[in-house]
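Order of listing sets the numbers, starting from 1, for every ligand and every atom in it. Numbers here simply count residues along the sequence, with the first being 1.
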Amino acid sequence: MTHKILLLAGDGIGPEIVGAAEQVLQALKERHGLACEFEHALMGGCAIDAHGDSLPEATLAAARAADAILLGAVGGPKWDKVERAIRPERGLLRLRSELGFYCNLRPAVLYPALADASSLRPEVVAGLDVMIIRELTGGIYFGQPRGIEQDADGHRRGFNTLVYRDDEIERIARSGFEIARKRNGRLCSVDKANVLEVSELWREVVDGLAPEYPDVELSHMYVDNAAMQLVRAPKQFDVLVTTNMFGDILSDLAAMLTGSIGMLPSASLDAASKGLFEPVHGSAPDIARQGVANPLATILSASMMLRYTLDEGALADRVEAAVGQVLAAGVRTADIAGASERTVGTQEMTAAVIAALDAV
Ligand code: NAD
């Protein structure tokens with residue numbers, strides 16, 4: 001079967017880093033048996049310039065038709081003033097919700113060669129490998145009613161609604177159990193059940209599934225404690241599963257344990273494991289078109305695509321091993337280099353990864 005991969009380069013450094021990941025996938029196609037074809041479409045500010053919409057109909061149709069989507073990043077100062085409804089980030093939210101990408105995977109992995117980049121002591125983070133699963137299409141970011149209104153006493157009142165249905169909780173919890181099963185078999189569900197009724201239901205539904213996954217060790221943790229534990233002793237965790245807002249905050253916290261935004265991939269999956277894969281970082285307009293962006297977060301996002309959507313786990317292992325080897329050999333883009341280290345550009349880093357694909 002030939003996988004159809006849609007590439008959405010986006011804005012800023014997007015074309016450089018998606019171009020890098022495409023070269024890696026192309027090398028896998030030519031030399032390691034990956035059966036795939038590429039399609040390209042516009043998304044973000046570049047699509048606003050060309051079509052007046054950050055997610056044009058043609059792009060949405062191509063996304064629906066693809067098996068998997070790789071996105072660079074969208075946005076930049078040029079589009080900060082455009083009308084809210086067509087902003088680049090709105091297009092991204094729409095793409096995720098139109099395609100039902102409710103399961104967001106944010107791994108935080110610290111490559112041994114980069115242990116010094118973390119703000120925590122190397123012994124606390126060396127060997128860190130945590131997966132944070134965030135519910136992405138529900139919860140307080142989408143709940144109704146929401147708004148800002150005028151009270152009778154003249155004060156303005158802002159309000160949002162935190163709401164989860166049992167079926168929404170069940171499907172994200174199942175993702176948690178399934179992924180824990182493929183890793184080290186430990187799942188920690190994060191909530192605020194001591195204060196919130198929604199969390200009470202969340203915990204009840206998660207507990208109700210546990211008997212179906214006897215091989216997974218389930219625990220629960222309040223979100224405030226989870227934030228503390230992630231900084232105190234992050235290696236105690238294997239997989240965390242949580243709501244949209246808690247996951248938003250905890251995944252950024254966990255990401256920073258690894259020290260570099262240029263290294264962090266992510267995936268957003270639907271019920272059939274079709275997915276949108278993208279680096280965690282933005283479009284980095286400050287370094288766009290200079291050939292210095294770190295392509296590894298996007299290359300690792302392509303690796304997640306191979307593992308979670310295209311069922312090519314052995315090729316994903318190969319890409320990750322190649323990245324590990326390149327880092328161990330001391331190849332560094334500027335964002336991950338120490339003060340006295342020689343740095344390479346996007347293209348040289350990409351070429352090093354491609355060369356290592358054959359050596360691992
Ligand atoms: P950013 O992640 O783009 O950049 C933050 C800093 O990290 C910058 O100094 C940048 O140079 C550096 N950086 C980021 N990625 C890097 C890489 N691969 N290699 C080397 N250095 C890298 O965040 P920002 O500056 O807050 O946002 C810039 C634009 O990106 C904004 O328009 C924002 O809305 C957008 N954005 C998009 C996404 C997305 O598409 N998913 C996510 C976040 C921000």
Side-chain angles (χ1 to χ4, degrees), residues 7-22 24 41-49 54-55 59 63 69-84 86-97 99 101 104-106 111 114 117 119 134 136 141 244 247-249 251-252 255-256 258-268 275-302 304 323 326-327 331-338 341 343-350 352-353:
L7 301 171
L8 303 172
D11 308 312
I13 59 171
E16 296 159 68
I17 54 177
V18 170
E22 183 176 3
V24 171
L42 293 179
M43 159 114 195
C46 57
I48 296 177
D49 290 348
S54 58
L55 180 62
T59 300
I69 305 155
L70 184 68
L71 170 72
V74 297
K78 181 175 177 197
W79 304 282
D80 280 350
K81 298 257 161 9
V82 303
E83 198 188 316
R84 188 174 282 275
I86 60 160
R87 287 245 183 101
E89 51 272 40
R90 277 294 159 130
L92 193 50
L93 285 177
R94 243 184 82 212
L95 181 64
R96 288 176 183 151
S97 73
L99 291 176
F101 292 138
N104 186 224
L105 306 185
R106 290 273 301 263
Y111 284 85
L114 299 181
S119 51
R134 164 187 173 196
L136 201 58
Y141 294 171
N244 201 342
D248 190 3
I249 298 164
S251 60
D252 269 14
M256 278 304 101
T258 70
S260 173
I261 192 150
M263 293 294 304
L264 299 164
S266 78
S268 306
L276 171 69
F277 300 83
E278 52 182 320
V280 165
H281 60 71
S283 60
D286 52 329
I287 57 165
R289 290 174 295 281
Q290 295 173 20
V292 297
N294 184 347
L296 294 180
T298 316
I299 290 171
L300 292 168
S301 299
M304 290 188 83
V323 169
V326 162
L327 292 173
V331 184
R332 300 279 185 274
T333 44
D335 59 309
I336 52 172
E341 280 177 311
T343 62
V344 301
T346 311
Q347 197 44 48
E348 203 176 323
M349 177 60 97
T350 307
V353 172

Legend entry - Those protein residues which place at least one heavy atom below 4.0 Å from ligand 1: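 Ligand 1 is contacted, at a heavy-atom distance under 4.0 Å, by I13, A73, V74, G75, G76, L92, I261, E278, H281, G282, S283, A284, P285, D286, I287, A293, N294, D335.
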Inset, instruction - List the atom of A255, the atom of R106, and the distance in Å for their closest heavy-atom pair. - result: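 In terms of heavy atoms, the two residues are closest at CB-NH2, 3.9 Å.
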Inset, instruction - Taking all non-hydrogen atoms of both residues into account, name the closest pair between G75 and D11 and its distance. - result: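 Residues G75 and D11, closest heavy atoms: N-OD2, 2.7 Å.
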Inset, instruction - For the pair N244 (side chain) and R134 (backbone), establish whether a donor and an acceptor sit closer than 3.5 Å, ignoring hydrogens and angles. - result: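 No: the side chain of N244 does not pair with the backbone of R134.
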Legend entry - G291 backbone acceptor or donor facing T346 side chain under 3.5 Å: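 The answer is yes, because a donor-acceptor pair under 3.5 Å joins these two groups.
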Inset, instruction - For residues V353 and L296, determine if any side-chain heavy atom of one lies less than 4.5 Å from a side-chain heavy atom of the other. - result: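 Yes, side chains in contact.
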Legend entry - Basic-acidic side-chain contact under 4.0 Å: K78, D49: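 Between D49 and K78 there is a salt bridge, with a charged N closer than 4.0 Å to a carboxylate O.
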